[in-house]
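Start at 1 and go down the list; that is how both ligands and their atoms are numbered. Excluded from the calculations below are hydrogen atoms, water molecules and symmetry mates; all remaining heavy atoms, backbone and side chain alike, are included.
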Amino acid sequence: MELMEGLLTRRTIHLFRPGPVPQAVIEAMLEAAVQAPNHHMTQPWRFVVLQGDSLAQLARIRYHVAWHKAVSQNRPDPERLAMKAQNDYMAVPVIIGVIQQLASDPHRQEEDYAAVSCATYGMLLAAWSFGVGTHWATGGITQAQDARALLQVQDHERITGFIRVGYPATVPEVPRDPATHRTLWLS
Ligand SMILES: Cc1cc2nc3c(=O)[nH]c(=O)nc-3n(C[C@H](O)[C@H](O)[C@H](O)COP(=O)(O)O)c2cc1C
């Protein structure tokens, strides 16, 4: 797939087909990620690939996070919402946790988050080039102590997102405002 085609057609996937993703695709995603631009070459990222039992553990943690959120918001049927949250994770063969190493300087931290986001986007695009879909999400689970422990996140690190990886069942359309509506050309 041409780079431009990938940039124009990649979408967040919400429904995945069952089945594994080749290890080579996951490795290619990670290689693409570490090529991301990063100021001062801080390379402020780390990745944790969860499959099998570890993915099931993460899904269970997501169940608890979703349950507590639903209860705290007085939502009806917290059990159903929590099961959906868990099942969404169990519907993919691989989830990649993205971790930012936190610099002590706030400005450096902000620039590092930009770099980690570039790395994450690189992963999504690399996956897409193999016809593999992704879903980049944040949410409460990125701060859950149990999730941090499972991913062996250190005090000077934070989880910036979880990337679900699998073959898409459907690819949604998510139209954008044209770039011309968002651009001022100066000469
Ligand atoms: C930093 C970041 C956090 C996101 N967090 C979530 C999330 O928690 N849940 C979710 O469903 N999508 C999340 N998304 C995906 C966006 O909702 C999605 O990119 C947007 O709807 C546009 O759709 P597209 O990716 O198909 O173009 C996140 C995207 C980014 C960049």
Side-chain angles (χ1 to χ4, degrees), residues 1-17 21 29-30 32-33 35-38 44-48 50 55 58-70 72-73 75 80-92 94-102 109-144 146-148 150-151 153 157-183:
M1 186 187 290
E2 290 292 326
L3 181 57
M4 196 63 191
E5 185 192 349
L7 283 160
L8 295 177
T9 61
R10 179 215 57 84
R11 293 277 71 92
T12 295
I13 301 304
H14 297 278
L15 275 179
F16 292 88
R17 283 192 272 128
V21 169
M29 291 172 67
L30 298 166
Q35 299 303 323
N38 59 104
W45 39 65
R46 210 160 65 70
F47 310 97
V48 179
L50 298 113
L55 195 155
L58 186 71
R60 197 62 194 162
I61 294 167
R62 193 163 190 251
Y63 172 96
H64 290 294
V65 170
W67 189 88
H68 283 291
K69 184 177 173 193
S72 73
Q73 295 177 341
R75 303 273 302 272
R80 185 185 57 80
L81 294 169
M83 276 311 291
K84 182 182 180 314
Q86 176 175 321
N87 291 339
D88 283 350
Y89 269 23
M90 293 303 292
V92 290
V94 180
I95 293 182
I96 302 176
V98 181
I99 294 166
Q100 177 187 353
Q101 288 155 359
L102 295 171
Q109 228 180 77
E110 185 181 55
E111 291 210 322
D112 283 348
Y113 181 60
V116 172
S117 298
C118 290
T120 307
Y121 190 39
M123 270 203 281
L124 311 191
L125 289 168
W128 192 237
S129 75
F130 294 99
V132 170
T134 51
H135 183 297
W136 176 355
T138 48
I141 191 166
T142 58
Q143 280 144 47
D146 289 352
R148 289 177 61 90
L150 178 66
L151 273 64
V153 176
E157 295 179 324
R158 68 168 172 166
I159 301 170
T160 58
F162 284 104
I163 314 303
R164 286 170 234 175
V165 185
Y167 286 96
T170 57
V171 180
E173 282 186 30
V174 185
R176 297 297 208 270
D177 294 344
T180 49
H181 291 193
R182 302 282 175 155
T183 311

Ligand 1: protein N/O within less than 3.5 Å of ligand N/O:
from	atom 1	to	atom 2	distance (Å)
ligand 1	5 (N)	Thr138	N	3.4
ligand 1	5 (N)	Thr138	OG1	3.4
ligand 1	8 (O)	Thr138	N	3.1
ligand 1	11 (O)	His135	NE2	3.2
ligand 1	14 (N)	Trp136	O	2.9
ligand 1	19 (O)	Thr12	OG1	3.3
ligand 1	25 (O)	Arg10	NH1	3.1
ligand 1	25 (O)	Arg10	NH2	3.2
ligand 1	25 (O)	Thr12	N	3.4
ligand 1	25 (O)	Thr12	OG1	2.5
ligand 1	26 (O)	Arg11	NE	3.0
ligand 1	26 (O)	Thr12	N	2.6
ligand 1	27 (O)	Arg10	NH2	3.4
ligand 1	27 (O)	Arg11	NE	3.1
ligand 1	27 (O)	Arg11	NH2	2.8
ligand 1	27 (O)	Arg176	NH1	3.0
ligand 1	27 (O)	Arg176	NH2	2.9

Below 3.5 Å, can you tabulate the donor-acceptor pairs from side chains in residues 118-141 to any protein atom, sequence neighbours excluded?
from	atom 1	to	atom 2	distance (Å)
Thr120	OG1	Val116	O	2.7
Trp128	NE1	Thr9	OG1	2.8
Ser129	OG	Ala126	O	2.6

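Asn38 meets the side chain to side chain donor-acceptor pair (under 3.5 Å) test with no other residue; sequence neighbours excluded.
Applying the side chain to side chain donor-acceptor pair (under 3.5 Å) test to pairs two or more places apart or on separate chains, those with a residue in residues 164-178 are Asp177-Arg182.
Without hydrogens or angle criteria, Arg158 side chain to Thr142 main chain gives no donor-acceptor distance under 3.5 Å. Between the side chain of Arg62 and the main chain of Ala85, a donor-acceptor pair closer than 3.5 Å is present.
To the nearest 0.5 Å, atom CD1 of residue Ile95 and atom CG of residue Leu58 are 5.5 Å apart.
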